[in-house]
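Quick note on labels: first sequence line is chain A, next is B, and so on, each numbered from 1.
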There are 2 protein chains.
Amino acid sequence: MTQGVGDLDRSVGYALKQAAMALRVAMEAALRPLALTVSQYSCLEVLGQRPGLSAAELARAVFVTRQSMHALLLGLEERGLLERAATAPQGRALPTQLTDAGREILTEASAIVAAVERRMTAAFDREEVGRFVADLAACAEALNY
Amino acid sequence: MTQGVGDLDRSVGYALKQAAMALRVAMEAALRPLALTVSQYSCLEVLGQRPGLSAAELARAVFVTRQSMHALLLGLEERGLLERAATAPQGRALPTQLTDAGREILTEASAIVAAVERRMTAAFDREEVGRFVADLAACAEALNY
DNA sequence: CAGCGTATGTCAGGATACTGACATGACGCA
DNA sequence: TGCGTCATGTCAGTATCCTGACATACGCTG
């Protein structure tokens with residue numbers, strides 16, 4: 001028999017949505033002094049770990065569309081935080097790289113975000129955090145067949 | 001010492017965002033046949049469990065603003081899924097209730113969403129799900145001081 | 001070599017949620 | 001009674017993200 005969701009407080013989806021929203025709000029507040037949105041920070045973070053990515057690759061990594069990433073990159077480029085190749089070395093993909101200013105603000109932002117994550121998981125020990133992350137990854141995987 | 005986020009695959013925030021996004025996408029796809037958005041479903045679900053709530057109370061329960069909930073309710077009311085008192089019994093709050101059609105579609109939607117949640121947590125046993133939900137709630141709580 | 005499929009960058013339009021603002025009604029307090 | 005505060009409903013404007021579309025560039029295949 002199929003049943004309904006039942007009590008919201010016991011719903012996995014509700015809890016997941018609530019936790020994700022709390023994290024997003026906390027990150028927005030923490031990043032506001034740097035004038036960075038969560039999407040902008042995510043873009044910088046991915047770019048810091050994997051320099052030379054194209055806009056489309058960045059979009060997939062950050063879970064937004066190419067179009068959103070395009071607008072996002074324009075803003076970050078105008079602020080001098082990253083630079084894009086003027087011409088495509090191959091195909092149409094334009095490699096993107098952080099500037100010195102970009103790496104600098106990323107260092108600050110990354111520390112801020114790490115602090116938020118530590119606050120979120122302050123009640124967990126190292127092992128519990130690992131299991132929690134694995135569970136989250138398993139959830140995402142199970143939904144993306 | 002403050003450190004950065006490190007490898008994204010080991011970041012709690014990244015995993016949480018990814019799982020929440022996968023769930024949202026899966027729910028949107030599952031609810032599309034009923035022509036319900038996730039926010040609309042959430043509204044109906046809360047209203048089914050707590051009839052008579054005002055728009056402002058619903059907004060807080062669903063984590064949207066009063067204004068968003070207002071527009072959302074107009075759409076659901078026009079579809080005949082819920083009805084709002086024409087005059088306020090007290091104060092300005094207008095109690096909202098599901099119609100028969102609303103309860104009917106909620107039953108379907110709730111089963112659909114429950115199926116998505118089961119798919120998401122298919123690899124967990126009952127105990128693991130409970131712990132997982134508790135962990136999520138602890139994360140949300142730790143961020144809302 | 002021509003054609004097809006795929007990936008990318010970019011432009012335009014629309015949906016959704018938010019912030020700001022205003023009016024109204026209830027309540028507490030001097 | 002009158003005033004200040006708060007909660008609610010509602011309107012307007014804005015931001016953000018999405019879908020749709022088009023042109024371009026590469027790779028594969030007949």
Side-chain angles (χ1 to χ4, degrees), chain A residues 17-18 20-22 24-29 31-32 35-43 46-47 50 52-79 82-97, chain B residues 17-18 20-29 31-32 35-44 46-47 50 52-79 82-97:
Chain A
K17 179 179 176 181
Q18 193 166 359
M21 195 213 54
R24 189 180 54 80
V25 169
M27 283 180 64
E28 280 174 359
L31 290 172
R32 192 161 301 141
L36 284 178
T37 65
V38 174
S39 292
Q40 287 174 329
Y41 156 73
S42 301
C43 176
V46 172
L47 208 45
R50 302 171 60 190
L53 254 56
S54 69
E57 291 171 316
L58 279 169
R60 284 189 291 269
V62 180
F63 306 118
V64 297
T65 58
R66 291 199 310 276
Q67 295 86 334
S68 298
M69 181 56 65
H70 178 65
L72 204 156
L73 289 178
L74 289 182
L76 292 176
E77 189 175 19
E78 190 176 10
R79 284 173 61 181
L82 55 82
E83 50 192 4
R84 311 171 66 189
T87 63
Q90 106 204 14
R92 298 201 66 198
L94 302 174
T96 308
Q97 287 191 340
Chain B
K17 180 178 176 182
Q18 192 166 359
M21 195 214 52
L23 175 62
R24 189 179 54 79
V25 169
M27 283 179 64
E28 282 173 358
L31 289 172
R32 192 160 303 141
L36 284 179
T37 66
V38 174
S39 292
Q40 288 174 328
Y41 157 73
S42 301
C43 177
L44 293 179
V46 172
L47 208 45
R50 303 171 59 189
L53 254 54
S54 68
E57 290 170 315
L58 279 170
R60 284 189 291 269
V62 180
F63 306 117
V64 298
T65 59
R66 291 200 309 277
Q67 295 86 334
S68 299
M69 181 54 66
H70 178 65
L72 204 156
L73 288 179
L74 289 182
L76 291 175
E77 189 175 20
E78 190 177 7
R79 285 173 61 181
L82 53 83
E83 51 193 3
R84 311 173 66 189
T87 63
Q90 107 207 9
R92 299 201 65 200
L94 302 174
T96 308
Q97 287 191 339

If each end axis of the helix from C/dC1-D/dG30 to C/dA30-D/dT1 is fitted on five C1' pair positions, the angle between them, to 10 degrees, is 20°
Taking every heavy atom of B/V62 against every heavy atom of A/K17, the minimum-distance pair comes out as O-NZ, 4.0 Å
Rounded to the nearest 0.5 Å, the CD atom of B/E77 sits from the OG1 atom of B/T96 at a distance of 8.0 Å
- prompt: So what does B/L94 hit on the nucleic acid, given a heavy-atom distance under 4.0 Å: a base, only sugar-phosphate, or nothing?
  reply: sugar-phosphate
Value for OG (A/S54) from CZ (A/R66), rounded to nearest 0.5 Å, stands at 10.0 Å
Tightest non-hydrogen contact, residues B/Q97 and B/G52, listed as CG-N, 4.0 Å
task: Ignoring backbone atoms, establish whether B/S54 has a side-chain N or O less than 4.0 Å from OP1 or OP2 of D/dA7.
output: no
* **Residue-phosphate contact under 4.0 Å: B/H70 side-chain N/O, D/dG9 OP1/OP2** => no
In whole angstroms, the gap separating P of D/dA15 from CG of A/L36 amounts to 18 Å
To the nearest angstrom, the CZ-C1' distance between A/F63 and D/dC18 comes to 17 Å
*Hey, does the side chain of A/S68 come within less than 4.0 Å of D/dC18's phosphate (OP1/OP2), counting only N and O?*
yes
A/Q40 atom CD is separated from D/dT16 atom C1', nearest whole Å, by 11 Å
Any A/R79 side-chain heavy atom under 4.5 Å of A/Q40 side chain:
yes
In terms of heavy-atom contacts, A/V64 and A/S68 come closest through CB-CB, 4.0 Å
Expected rows: protein N/O vs nucleotides 21-24 of chain D N/O, under 3.5 Å:
residue, atom, partner, partner atom, Å
D/dA23, N3, A/R92, NH1, 3.2

Interatomic distance, OG1@B/T65 vs CG@B/L72, rounded to 0.5 Å, equals 10.0 Å
- Query: Between D/dC17 and A/S39, is there an OP1 or OP2 to side-chain N/O distance shorter than 4.0 Å?
  - Reply: yes
Comparing A/T37 with B/E57, nearest DNA chain D nucleotide closer to 5' gives the residue B/E57
When rounded to whole Å, the CG to P distance for the pair A/L76 and D/dT16 reads 12 Å
To the nearest angstrom, the CG-P distance between A/L53 and C/dA7 comes to 16 Å
Exercise. Using a cut-off of strictly less than 4.0 Å, decide whether A/R60 has a side-chain nitrogen or oxygen near OP1 or OP2 of C/dT8.
Key: yes
From CG of A/L72 across to C1' of C/dT10 the rounded distance in Å is 15 Å
Closest heavy-atom pair, A/L76 versus A/C43, reported as atoms and distance to 0.1 Å, is CD1-SG, 4.0 Å
Distance col, row B/L73:CG vs B/L58:CG, nearest 0.5 angstrom, shows 6.0 Å
Open item on the list: C/dC18, OP1 or OP2 - any side-chain N/O from B/T65 closer than 4.0 Å?
Closed with: yes
Output for pair (B/S39 OG, B/M69 CE), nearest 0.5 Å, gives 7.5 Å
note: A/M69, atom CE; C/dC11, atom P; distance rounded to Å ~ 17 Å
To the nearest angstrom, the CD-C1' distance between B/Q90 and D/dC6 comes to 14 Å
